[in-house]
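Report on the following structure.
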Protein chains: 2
Amino acid sequence: MSLQHALLGVLEARPMNGYELTRFFEAAPRWVWSAPHSQIYPALRQMEQAGLIEGRQEIRGTKLRRMVYSITERGLGELRTWLSADHAAAPARDAFFLQALFFDMIDPDQAAAVLKTHIAEQEQLIAEWRAHREALLAKDTDLLKERLKSRPPAEHDRIAKLKAHVFAGQIAVAQARADWAREGLRLLAEST
Amino acid sequence: MSLQHALLGVLEARPMNGYELTRFFEAAPRWVWSAPHSQIYPALRQMEQAGLIEGRQEIRGTKLRRMVYSITERGLGELRTWLSADHAAAPARDAFFLQALFFDMIDPDQAAAVLKTHIAEQEQLIAEWRAHREALLAKDTDLLKERLKSRPPAEHDRIAKLKAHVFAGQIAVAQARADWAREGLRLLAEST
DNA sequence: TACACCATGTAAGTGGTTACATGATTGA
DNA sequence: TCAATCATGTAACCACTTACATGGTGTA
């Protein structure tokens, strides 16, 4: 159900069509949720049927049609309900920790190489999220600007800070993983 | 494919049947991978067909049959190959961060309640993982003891430390999330 | 006119969840 | 004899991945 709520959350900022949403969810700088267009288009139709969003057809040129979806009152309600409730945490399933759990079975140098790749990946993510966080704090992202239009100016700072804080969380987790992997490199080196 | 490698990793310690593996993967103190028995039994048959494991039937009493699986040479090879290779990171998909991203849409008190639940969950996980980590360092877990039997005593310390380090990683990530959530509580309070 | 981009779809397959289903053994 | 535990399965469903598929529009 998370994809639907992610879509509702984005559509709350402004109406969009499937293509725009796809660019958002397939974006290279990884956001908080990702999905391919093959999942997004059916989800949108399903959500329209459920009355959570409303599609309006537009024509570009003479034939190119697009469905622009806006969130409905019911959709807003559903989103707020979901946001306010506790949801069971997903069961532990971390492929990288699983891999690391059996590093004693392979050559330490190979294990170290895998850890180094992980560190590089985490640092890449940190850089992207840092940039996004800065942009949010400066209220300089497309979506946030749209979103703030329908909110009282007195709340703008608060909203930007709350959004930015989520990316601070992603950064903190990635930082913890990178630090942990570096400590792992020391452990592997010790015993050579 | 991760479930299969998780199963191989456990079976490397000692042969087990589906029921034992199920207890392991459905265990309350969450390990690094979880799976229900409905996934484990078919996976085991598939892996046997692929020659990664070997089943031997045992009879308890007069009728109760169980298949005890051991890892094969081919299984060991497959596991070592997987352990030595880089694997593409899973796309970002964190339901909790997604929820937090829209906390500006709901009552701050409700958002705070959700954050508090999250903190409690993370602390629960930390406690369980800390206990498991201590047990590993003391070489006092069932599986580790079995595993060490086939390894030279000079390596025992190193192996225990490497295993324990994985749980240190889980702890570090959970700690980062808990700290982040606490910071979120401060942010929510500020603007009341 | 060709290429990049806009725009939307389908389908097969895999991994995971939840529920249903059955029966044996052990020990209190 | 009853309950807890041992032991193994199936089936429906949902989320996600990967690949295939089609055609329109704007601009260099």
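These numbers come from a predicted model, not from an experiment. Any value given below was found using the heavy atoms of this structure, including those in side chains, with hydrogens, waters and symmetry copies removed. Proteins come first, then strands; the chains are lettered A, B, ... in the order of their sequence lines, and each starts at number 1.
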How many angstroms lie between atom CZ of B:R93 and atom CH2 of A:W33, to the nearest 0.5 angstrom?
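Between atom CZ of B:R93 and atom CH2 of A:W33 there are 6.0 Å.
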Could you go through nucleotides 1-6 of chain C and list every protein N or O atom that sits under 3.5 Å from one of its N or O atoms, giving the distance for each pair?
from: C:dC6; atom 1: OP2; to: A:Y19; atom 2: OH; distance (Å): 2.7

Could you check how far [atom1] of [X] sits from [atom2] of [N], rounded to whole Å?
X	N	atom1	atom2	value
B:H37	C:dT22	NE2	P	14 Å
A:R93	C:dT14	CZ	P	18 Å
B:K63	C:dT22	NZ	P	16 Å
B:W33	C:dG15	CH2	P	10 Å
B:M1	C:dG13	CE	P	15 Å
B:F25	C:dG15	CZ	P	15 Å
A:M16	C:dA7	CE	C1'	16 Å
A:I59	D:dT25	CD1	P	9 Å

Would you mind checking if B:K63 and B:E58 are paired as a salt bridge, meaning a charged N to carboxylate O distance below 4.0 Å?
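Salt bridge flag = no for B:K63 with B:E58.
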Considering the options B:F103, B:F96, B:F97, which one meets the ring pair (Phe, Tyr, Trp, His ring centres under 6.0 Å) requirement together with B:H118?
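With B:H118 as partner, ring pair (Phe, Tyr, Trp, His ring centres under 6.0 Å) holds for just one option, B:F96.
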If the plane angle is over 60° it's perpendicular, under 30° parallel, otherwise tilted; pick one for A:W180 and B:H165.
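Ring orientation, 0 to 90° scale: parallel.
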Between C:dT8, C:dT17, D:dT17, which one does the side chain of A:R65 approach most closely?
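Nucleotide nearest to A:R65's side chain: C:dT8.
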Tell me whether the side-chain N/O atoms of [X] come closer than 4.0 Å to OP1 or OP2 in [N].
X	N	result
B:Y41	D:dT8	yes
A:R45	C:dT10	yes
B:Q39	C:dG15	no

Considering every strand and a 4.0 Å limit on heavy-atom distances, what is the contact class for A:P42: base, sugar-phosphate, or nothing?
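A:P42: no heavy atom of the nucleic acid under 4.0 Å.
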If you find the nucleotide of DNA chain D closest to A:G61 and the one closest to A:A35, which residue's nucleotide is nearer the 5' end?
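Closer to the 5' end of DNA chain D: A:A35.
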Using only heavy-atom distances, decide whether a donor-acceptor pair under 3.5 angstrom links the side-chain of B:T62 to the base of C:dT25.
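No, the side chain and the base share no sub-3.5 Å donor-acceptor pair.
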Members sharing B:Y19's hydrophobic cluster (side chains within less than 4.5 Å)
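The other cluster members (ILVMFWY side chains, heavy atoms under 4.5 Å, direct or chained) are B:Y41.
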Listed partners of B:H87 passing ring pair (Phe, Tyr, Trp, His ring centres under 6.0 Å), at least two apart
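Only B:W82 meet the ring pair (Phe, Tyr, Trp, His ring centres under 6.0 Å) criterion with B:H87.
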So which of A:R147, A:R158, A:K163 actually passes salt bridge (Lys or Arg N to Asp or Glu O under 4.0 Å) with B:D104?
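So, applying the salt bridge (Lys or Arg N to Asp or Glu O under 4.0 Å) to B:D104 and each of A:R147, A:R158, A:K163, only A:K163 qualifies.
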